[in-house]
Protein chains: 2
Amino acid sequence: MTKLDIDLDRSSPVPLYFQVAEQIARAIQAGELAPGSRLDNEVLLADRLGLSRPTIRQAIQYLVDKGLVVRKRGVGTQVVHGQVKRAVELTSLYDDLRRVGQEPATRVLAIETVPADESTAGALGVATGTEVVRLERLRYAEGKPLALMHNWLPPGPASLTAEALEARGLYELLRAAGVRMRVAAQRIGARTATPAEVRLLEERRACPLLTMVRTTYDDQGRAVEHGSHVYRASHYSLEVTLVER
Amino acid sequence: MTKLDIDLDRSSPVPLYFQVAEQIARAIQAGELAPGSRLDNEVLLADRLGLSRPTIRQAIQYLVDKGLVVRKRGVGTQVVHGQVKRAVELTSLYDDLRRVGQEPATRVLAIETVPADESTAGALGVATGTEVVRLERLRYAEGKPLALMHNWLPPGPASLTAEALEARGLYELLRAAGVRMRVAAQRIGARTATPAEVRLLEERRACPLLTMVRTTYDDQGRAVEHGSHVYRASHYSLEVTLVER
DNA sequence: GTGAACAATTTGTCAAGACATTCTTACGTA
DNA sequence: TACGTAAGAATGTCTTGACAAATTGTTCAC
C-alpha cells in the first residue's frame, strides 16, 4: 500500500474520475508510485477521497487502458513494470516529432486538385474521378529529411494552403477546421526506395523505407484523409505499447 | 433507429454486458447494422433488454474501444463507417497467421541457454550474464518462409522444446504455462537484409525487411520475453486500427 | 508434512436513480 | 427570412448498494 496525495477540485469542469486518474498517472511517472507497487484497494480509495467506488473504478480503468497499471481480482491493482511508451494514437508525424522535441519542418512539394483514381476513390469513399486535394510534402526533423508524404483529401471543410501546411501538421489543421478524426485504418510495411525517393530523402541508393498507408475516418464514419507516407528507416522507427484488454 | 435482436442467457457465465456487445458486434459484421446507422439510445436499450443502463453503457464502451461505434452526447450512438480491421493486439505471429487461414509452420533453428548480453539483460530486467533461453526460428506461411525470429526468455515456468515450438506459437505456449502477458513495448522499423537473412528467407539480395523488436511483460510487470523478428516486406505488412479515445 | 476446506480480501458485475452537459430542432421575434 | 432562445433528446458523470468470482492465507484433518 502506498499513500497517495490526491487533491480534488469539485468546482472544476474536469470530471472527478479524470482528476484522480491524472494524479495517479503523475505519481507513477514521478516515481512516487514505484513499478510493482500496489495501489490502495478501490473501496478504501473511494472512502478516503470521498468518492463513489464506480468513480474510482473509472479512474483506474483509464489507467489500465493506458497500460500504467494492472488489476487482478482478489489481489488488487499494481503499477506496471517497465517504461511504458505512448500507446498507439491517432496523431500525425508532425505532432509526434514536436512532442519529442525534434523540430519538424515541412516543405510542400505539391498541393493540387486532381481527379481521384480508382484506388484513391475507394479509400476516400468517393466516386472515381471526383476532384480531390492531393498533397505532396517532405518532412524534415532537425534539418534533415525524414519522410516523404502523400495525402489525398476529399473536397471539404479545410481549405489548405502551402503556408499553413508548412507551419502546422495536417491533423492539426483538420482539427482546427472542425474535423473530428476518430478511427484510422493503417498498414505498415517496408520497401526499397525509388530513385526519386532516394533523391528527395538524401539517402543511399535502394535504401530501405518504412511505409505507412492510412485512411482516417471522422466520427460520422466519413473518410477525411488518405495518406501514403515513406520514412527513412535509418532515421525513423515506430514505438508502440500494446495492452491486452 | 434499427431494431436489434438480442438474446440474453442469464445462466451463462459470460457477463451480460459482454453478451450484448458480442451480439451488436455480430450484427455490425453481418451488415444488419449498416455503417452510419444509429443504435437505440441507452435508456431504451436497457429498458427493452431488462438490464440496467450502466450495463448497457459497458457493452457500448466495449464496442467504442473496438472502434465499431462512436458516441456523441445529445445525439446517440452510431455504427462507424469503413471496414474496421483488428485492433492492435498482443498476439504472436503464429496466432495472426492462423486466424487468417495462412497455415503457419515453424522450423526451430536454435534453442539454447546462453548468458544474457547487456542489451538482452536490460530488456529482460535480469543481470548481465544471467542464463537465458535463446530461440531462433524460421516461420513459414503457406509453405514459404515469411519471418526470421529471435527470442530471449528469462529462465522460468515454460520449459520449451523444439517440438512444442514447431507445433504451437510461443505466446500460446507461454499462456499454457500460466504466464499472463499483459503489456508489450514494441518498435517497428525497416532495414536491408543481411546475407544470412537473405538465404534463410529465400529473398533477393539486400531485400527490405520489416523489423519488430518487442518486450512483453506479464501482469506483475516482469519481462517474460524479448523478441527481435524480421519479416519479408514483400510478403508481410502490419494492419492496425487506431482509435481516438 | 501435505492437502483440502474455509475465511478474508479485492476486483468484477449489475442494479436503480439523479443530475449535468452537449447537440439538435422548433418556435418566436425582429 | 434570419437569428436567438428554449425545449427535447441523448450521452456523460456520479452516487448508493448488493452480490459474484478469483486469489491468497490460514486452519484443520489425515
Side-chain angles (χ1 to χ4, degrees), chain A residues 1-2 6 8-22 24 37-65 68-80 178 180 182 218-220 244-245, chain B residues 1-2 4 6 8-22 24 37-65 68-80 178-180 182 218-220 244-245:
Chain A
M1 292 319 119
T2 310
I6 292 180
L8 297 175
D9 178 2
R10 282 184 183 257
S11 66
S12 163
V14 178
L16 293 172
Y17 81 87
F18 195 76
Q19 292 183 45
V20 174
E22 267 190 325
I24 294 179
S37 64
R38 193 82 60 83
L39 297 199
D40 282 346
N41 73 57
E42 300 171 354
V43 177
L44 184 58
L45 262 184
D47 200 52
R48 281 186 31 222
L49 297 177
L51 299 173
S52 73
R53 191 178 146 219
T55 302
I56 297 295
R57 289 187 61 76
Q58 197 171 355
I60 296 181
Q61 183 61 42
Y62 181 86
L63 297 169
V64 167
D65 290 341
L68 294 179
V69 301
V70 293
R71 293 160 111 168
K72 198 184 300 193
R73 188 191 282 194
V75 179
T77 301
Q78 188 167 41
V79 176
V80 167
R180 304 173 208 233
R182 183 76 182 109
D218 71 6
D219 64 4
Q220 302 298 310
E244 181 106 6
R245 282 196 56 93
Chain B
M1 295 318 122
T2 311
L4 262 188
I6 292 181
L8 297 175
D9 178 3
R10 283 184 183 256
S11 66
S12 164
V14 177
L16 293 172
Y17 82 88
F18 195 76
Q19 290 182 46
V20 173
E22 266 191 323
I24 294 178
S37 63
R38 195 82 62 81
L39 296 200
D40 282 347
N41 73 57
E42 300 171 355
V43 177
L44 184 58
L45 262 185
D47 200 54
R48 280 188 31 225
L49 297 177
L51 299 172
S52 74
R53 193 178 146 218
T55 302
I56 297 295
R57 289 187 60 77
Q58 197 171 355
I60 296 180
Q61 183 61 42
Y62 181 84
L63 297 169
V64 167
D65 292 341
L68 294 180
V69 301
V70 294
R71 294 160 111 168
K72 196 184 300 192
R73 189 190 284 192
V75 179
T77 301
Q78 188 167 43
V79 177
V80 167
V179 176
R180 305 176 205 232
R182 183 76 184 110
D218 69 6
D219 62 4
Q220 302 298 312
E244 180 105 8
R245 283 194 59 93

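All chains are named by letter (A, B, ...) in the order of the sequence lines, taking the proteins before the strands, and each is independently numbered beginning at 1. All heavy atoms count here, side chains included; hydrogens, waters and symmetry mates do not.
With distances taken from any side-chain atom of A:Val43 to the nucleotides C:dT11, D:dT11, C:dC14, the minimum falls on C:dT11. Minimum atom distance to the side chain of B:Lys72 is reached by C:dC23, of the listed D:dC14, C:dC23, C:dT11. Which of C:dC23, D:dT24, C:dC14 sits closest to the side chain of B:Val75 comes down to C:dC23.
Applying side-chain contact (heavy atoms from CB on, under 4.5 Å) to A:Leu16 and the options A:Leu51, A:Asp9, A:Leu49 leaves one that passes, A:Leu51.
Within a heavy-atom distance below 4.0 Å of DNA chain C, the residues of residues 10-18 of chain B found are B:Arg10, B:Pro15, B:Leu16, B:Tyr17.
Summary of the strand contacts: A:Gly74 and A:Pro54 both lie near DNA chain D, and taking for each the nucleotide with the nearest heavy atom, the more 5' one is attributed to A:Pro54. Checking B:Thr55 against A:Thr77, the closest nucleotide of DNA chain C that is more toward the 5' end is the one next to A:Thr77.
Between the CZ atom of A:Arg73 and the C1' atom of D:dA22 there is a distance of 6 Å, rounded to whole Å. Whole-Å rounding puts the A:Arg57 CZ to D:dT16 C1' distance at 15 Å. Atom CG in A:Asn41 sits about 15 Å away from atom C1' in D:dT24, given to the nearest Å. The CD-C1' distance, from B:Gln78 to D:dA9, rounds to 15 Å in whole Å. When rounded to the nearest whole Å, the span between CZ of A:Arg53 and C1' of D:dT13 equals 17 Å. Computed from coordinates, the A:Leu39 CG to C:dT9 C1' distance equals 16 Å when rounded to whole Å. The distance between atom CG of A:Leu49 and atom C1' of D:dT16, rounded to the nearest whole Å, is 17 Å. As rounded to whole Å, 15 Å separates atom P of C:dT13 from atom CD of A:Gln58.
Put simply, the side chain of A:Ile6 does not reach to within 4.5 Å of the side chain of A:Arg48, judged on heavy atoms. In this structure, the side chains of A:Glu42 and A:Arg57 come closer than 4.5 Å at one or more pairs of heavy atoms.
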- Candidate pair B:Val64 and B:Gln61, rule side-chain contact (heavy atoms from CB on, under 4.5 Å), full reasoning: CA-CA 5 Å; B:Val64 167; B:Gln61 183 61 42; 4.1 Å; yes

- Message: Before you tell me yes or no, could you show the steps for A:Gln58 and A:Val20 under side-chain contact (heavy atoms from CB on, under 4.5 Å), namely the whole-Å CA-CA distance, both residues' side-chain angles and the distance that decides it to 0.1 Å?
- Response: CA-CA 9 Å; A:Gln58 197 171 355; A:Val20 174; over 6 Å; no

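In this structure, the separation between CD1 on B:Ile24 and CG on B:Asp40 is 9.5 Å, given to the nearest 0.5 Å. To the nearest 0.5 Å, atoms CG (B:Leu45) and CD1 (B:Ile60) are separated by 5.5 Å.
OP1 or OP2 of D:dG12 lies within a sub-4.0 Å distance of a side-chain N or O belonging to B:Arg71.
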